[in-house]
**Student:** 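Shown below is the structure under consideration.
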Amino acid sequence: MNKPLIEIRSMDVAYKKQKVLRNVSISVFEKDFIGIIGPNGGGKTTLIKVIVGLLKPTSGAIEWTIERSDIGYLPQGRQLDDKFPISVKEVVASGLERGLRMGIRSSIQERKKIDEALERTGLTSLRSRPIGELSGGELQRTMLARATVSSPRLLVLDEPDTHVDNQFEMELYSLLKDLNAQMTILLVSHDIGTISPYIKTIACVNRNLHYHSSNEITNEQLKIYNCPIEIITHGTVPHRVMKEHKQF
Amino acid sequence: MDLTQLLQYNFIQHAFLAALLMSVACGITGTYIVSRRMVFISGGITHASFGGVGIGYFLGFAPLAGAAIFAVLAALTTENLTRRKILRNDSVIAILWSLGMALGIIFIYLTPGYAPNLMSYLFGSIITVTHTDLRLMFALAVSVTVTFVLLFKPILYIAFDEDFARTRGIPVTLLNYLLIILVALTIVLSIRTAGIILVLSVLTIPQNITNLFTNRFGRIMIGSIIIGFIASLLGLVIAYFFDIPSGATIIFTLVVMYLAARTIKVLTFGRSKYSHNTAI
Ligand SMILES: Nc1ncnc2c1ncn2[C@@H]1O[C@H](COP(=O)(O)OP(=O)(O)O)[C@@H](O)[C@H]1O
Ligand SMILES: [Mg+2]
């Protein structure tokens with residue numbers, strides 16, 4: 001078997017004294033499409049931040065076989081300053097940075113990549129718009145374009161489906177399916193049900209992490225239950241759709 | 001006396017040159033300050049530097065050098081404590097702000113005799129800039145311009161989304177420190193011309209005037225330099241002819257220009273365009 005892009009072994013992560021992730025192990029392989037679900041506050045964003053290098057584990061190990069700049073990242077919607085004087089195109093261009101580079105203008109190749117990312121996300125006509133004049137969904141698309149513009153080897157998306165309408169959500173999922181042919185995808189989502197046909201593996205994060213191969217959680221089951229993620233995850237009836245985890 | 005005669009005076013030429021250098025430095029760093037909502041931090045650094053002015057008087061060295069040391073220390077402290085989340089950012093600023101003023105007042109009180117030019121540190125005195133002042137201002141304007149031109153993209157990206165910039169491998173912490181030092185130095189050299197009390201306005205009003213008409217980082221910088229320079233020249237000339245303090249007149253000119261710009265914008269573009277996303 002080839003080496004994973006990222007390998008995490010028995011990792012703990014804590015903020016100050018509060019331990020948020022305990023004994024987490026996960027390997028991300030080339031062309032994986034991993035869906036990460038779990039209750040609010042379960043530690044999904046924390047896990048993602050470790051993977052993109054924004055947080056350090058308190059114990060255990062994480063190993064990357066890819067460069068940091070090979071990762072495309074869409075952070076969970078935070079309060080970005082919507083009055084900040086920056087255009088859609090400039091935001092997308094920031095996804096092409098690799099370390100400290102000087103100069104004002106983008107190269108021709110870079111501009112081509114930016115154009116492609118804008119096209120892919122349907123933002124071509126909004127390219128010069130200041131981000132303060134975008135709707136929630138348009139802003140989220142800008143963030144997606146920024147995450148994908150560098151054609152990263154690993155695409156990490158933390159709840160990209162918040163603030164987007166149903167139509168874009170469907171477009172998003174089919175776009176991710178296409179992108180998965182070229183890149184590995186790690187996706188935190190509220191609504192794994194809709195995308196589960198494309199997802200190959202599901203990881204539940206609730207302080208610990210548990211794997212499920214995709215055949216465990218079938219489309220039909222999710223359609224029938226149609227539950228919010230909080231309920232799809234662990235626990236007993238009424239809504240459990242996964243096998244009980246083996247205790248280790 | 002008319003304007004052409006006025007322009008032949010050495011001190012007026014110096015003042016014009018100082019106005020140009022100040023406008024360049026403040027136009028650029030001010031855009032960074034306003035965009036990143038660091039106006040309060042800048043206020044803290046400005047007032048903290050008064051402590052250095054006081055110590056300079058007391059120990060008998062150049063008050064402006066003391067101001068520079070205090071401003072840089074305040075800047076680094078704010079950045080460091082905020083980054084380590086030890087104290088709330090705005091509380092740190094308030095403490096440094098009042099500590100600087102307190103030290104300044106105590107040391108000036110303790111200085112025997114009377115403190116010459118004290119008013120010029122509080123309210124600025126562009127008319128009395130020296131050759132040394134001009135050289136320092138020139139060095140600063142060049143440093144600021146070179147830094148922001150070479151590092152335009154990384155600075156823009158950090159200011160917009162620091163965490164994302166980190167994931168792209170940009171040395172965020174290093175640049176944050178570099179930028180806060182440039183902010184501190186810009187403030188200190190503008191104290192010479194605009195004064196501690198007034199310096200915030202030359203760092204923010206030109207930006208907000210430009211921001212009425214454009215919402216792009218680079219354009220706000222260039223627009224602010226031009227507007228800052230025009231306001232300084234106008235203010236200087238008005239101050240000269242009415243024999244009133246130059247720093248205050250420049251600020252007053254800026255405020256009038258802001259109101260005029262707002263009126264023009266409402267009349268030409270209508271109330272809605274941009275009004276929901278300008279910095280004010
Ligand atoms: N910066 C932080 N400082 C302290 N605690 C935090 C911080 N960020 C998150 N937490 C805590 O860590 C836990 C996991 O948060 P998070 O990873 O955001 O969960 P999720 O993304 O699954 O909703 C929560 O209990 C949250 O309160
Ligand atoms: Mg989260």
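Quick caveat, the model's predicted, so the values are computed rather than measured.
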**Student:** With only heavy atoms counted, which part of B:Ala159 is less than 4.5 Å from chain A, the side chain, the backbone, both or neither?
**Tutor:** both
**Student:** Please state whether the rings of B:Phe164 and A:Tyr73 are parallel, tilted or perpendicular, taking 30° and 60° as the class boundaries.
**Tutor:**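 Correct class here is parallel.
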**Student:** Inspect the surroundings of CZ in B:Phe138 and state if more than 12 heavy atoms from other residues, nucleotides or ligands are less than 6.0 Å away.
**Tutor:** no
**Student:** Is chain A contacted by the side chain of B:Leu156, its backbone, both, or neither, given a heavy-atom distance below 4.5 Å?
**Tutor:** both
**Student:** Quick one: do A:Lys83 and B:Asn215 satisfy side chain to side chain contact (heavy atoms under 4.5 Å, CB included)? Show the steps, please.
**Tutor:** CA-CA 9 Å; A:Lys83 289 186 171 62; B:Asn215 217 327; over 6 Å; no
**Student:** Can you name the nearest heavy-atom pair linking A:Ile104 to B:Phe152, along with the distance?
**Tutor:**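 Nearest pair, atom of A:Ile104 first, then B:Phe152: CG1-CB, 3.8 Å.
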**Student:** Between A:Leu96, A:Ile86, A:Val91, which has the largest tally of heavy atom pairs under 4.5 Å with chain B?
**Tutor:** A:Ile86
**Student:** For a quick test of reading the model, state the closest non-hydrogen atom pair linking B:Asp163 to A:Leu54 and the distance between them.
**Tutor:** O-CD2, 3.6 Å
**Student:** Kindly check if the number of other-residue, nucleotide or ligand heavy atoms within 6.0 Å of CD1 (A:Ile108) is above 12?
**Tutor:** no
**Student:** Given A:Asp81 and B:Phe160, is the side chain to side chain contact (heavy atoms under 4.5 Å, CB included) satisfied, shown in steps?
**Tutor:** CA-CA 7 Å; A:Asp81 183 358; B:Phe160 174 60; over 6 Å; no
**Student:** Which one, A:Arg101, A:Glu90, A:Arg98, leads in non-hydrogen pairs under 4.5 Å with chain B?
**Tutor:** A:Glu90
**Student:** Side chain from CB out, backbone as N, CA, C, O: work out which of these in B:Leu175 comes under 4.5 Å of a heavy atom of chain A, or both, or neither.
**Tutor:** side chain
**Student:** Tell me, side chain or backbone of A:Arg129 under 4.5 Å from chain B's heavy atoms, or both, or neither?
**Tutor:**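 Neither part; nothing is under 4.5 Å.
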**Student:** A:Phe84 and B:Ser35: which non-hydrogen atoms are nearest, and at how many Å?
**Tutor:**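 What the structure gives for the nearest pair is CD1-O, 3.4 Å.
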**Student:** Atom NZ of residue position A:Lys112 - does it have more than 12 heavy atoms of other residues, nucleotides or ligands inside 6.0 Å?
**Tutor:** no
**Student:** Would you indicate whether A:Glu67, at its atom CD, is surrounded by more than 12 heavy atoms from other residues, nucleotides or ligands within a distance under 6.0 Å?
**Tutor:**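 Atom CD in A:Glu67 is not packed in, count stays at 12 or less.
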**Student:** Compare every heavy atom of B:Ile170 with every heavy atom of A:Gly99, then report the nearest pair and how far apart it is.
**Tutor:** O-CG1, 3.8 Å
**Student:** Report yes or no: do B:Lys153 and A:Ser106 form a side-chain donor-acceptor pair below 3.5 Å?
**Tutor:**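 The criterion, which ignores hydrogens and geometry beyond distance, is satisfied for A:Ser106 and B:Lys153.
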**Student:** Under 6.0 Å from the CZ atom of B:Phe252, do we count more than 12 heavy atoms belonging to anything else shown?
**Tutor:** no
**Student:** Does the A:Arg68 side chain pair with the main chain of B:Gly169, one donor and one acceptor, at a distance under 3.5 Å?
**Tutor:** no
**Student:** Judged by atom type as modelled, is there a donor-acceptor pair below 3.5 Å linking the side chain of B:Arg168 to the main-chain atoms of A:Ser69?
**Tutor:**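 Between the backbone of A:Ser69 and the side chain of B:Arg168 there is a qualifying donor-acceptor contact (under 3.5 Å).
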